[in-house]
Amino acid sequence: MTQLLLLIVALLVLGHVPPGRSEFKRCWKGQGACRTYCTRHETYMHMCPDASLCCVAYGIRPLPSKTESV
């Protein structure tokens, strides 16, 4: 009986743990993260809807728009 109770408690606790990458909202077509501050390896692209910064890694370049000519 105590093992069953322990199992139920463990399942309830694990059910309330958030998933790994839910800490930050995604932006810039899923390639950036909305944060208060960007890390050393990221650059600021634009503001997120909640007034935080959309931080994107330096290696990711925005795609050229169709109106630009080469």
Side-chain angles (χ1 to χ4, degrees):
M1 184 67 177
T2 58
Q3 290 178 342
L4 180 62
L5 182 61
L6 183 61
L7 177 66
I8 292 172
V9 169
L11 290 175
L12 289 173
V13 169
L14 290 175
H16 292 296
V17 176
R21 295 192 57 120
S22 68
E23 186 176 348
F24 303 108
K25 293 182 180 177
R26 304 305 290 175
C27 60
W28 200 259
K29 299 179 184 173
Q31 297 181 354
C34 297
R35 300 184 183 148
T36 305
Y37 299 101
C38 296
T39 65
R40 298 185 309 178
H41 308 288
E42 296 174 330
T43 184
Y44 154 79
M45 293 305 288
H46 61 86
M47 297 293 285
C48 291
D50 61 352
S52 60
L53 303 175
C54 180
C55 302
V56 179
Y58 282 120
I60 299 173
R61 303 253 193 277
L63 297 171
S65 65
K66 294 180 181 179
T67 59
E68 292 180 15
S69 59
V70 176

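Worth saying up front: this structure is predicted, and the values here are computed from it rather than measured.
- Put simply, CE on Met45 and SG on Cys27 are 9.0 Å apart, with the number rounded to the nearest 0.5 Å.
- Pairing of Cys38 with Cys55 by a disulfide is supported, the SG atoms lying closer than 2.5 Å.
- In this structure, Trp28 is not a member of the same hydrophobic cluster as Tyr44, with clusters built from ILVMFWY side-chain heavy atoms closer than 4.5 Å.
- Pairing each heavy atom of Tyr37 with each of Leu53, the nearest pair is CA-CD1, 4.4 Å.
- Listed by first and then second residue, the salt bridge (Lys or Arg N to Asp or Glu O under 4.0 Å) pairs that reach into residues 35-60 are Arg35-Glu42, sequence neighbours excluded.
- Once rounded to the nearest 0.5 Å, the distance linking SG of Cys54 with NZ of Lys25 reads 12.5 Å.
- His41 meets the ring pair (Phe, Tyr, Trp, His ring centres under 6.0 Å) test with no other residue; sequence neighbours excluded.
- Leu7 meets the side chain to side chain contact (heavy atoms under 4.5 Å, CB included) test with Leu11; sequence neighbours excluded.
- Here the two cysteines Cys48 and Cys34 have their SG atoms closer than 2.5 angstrom.
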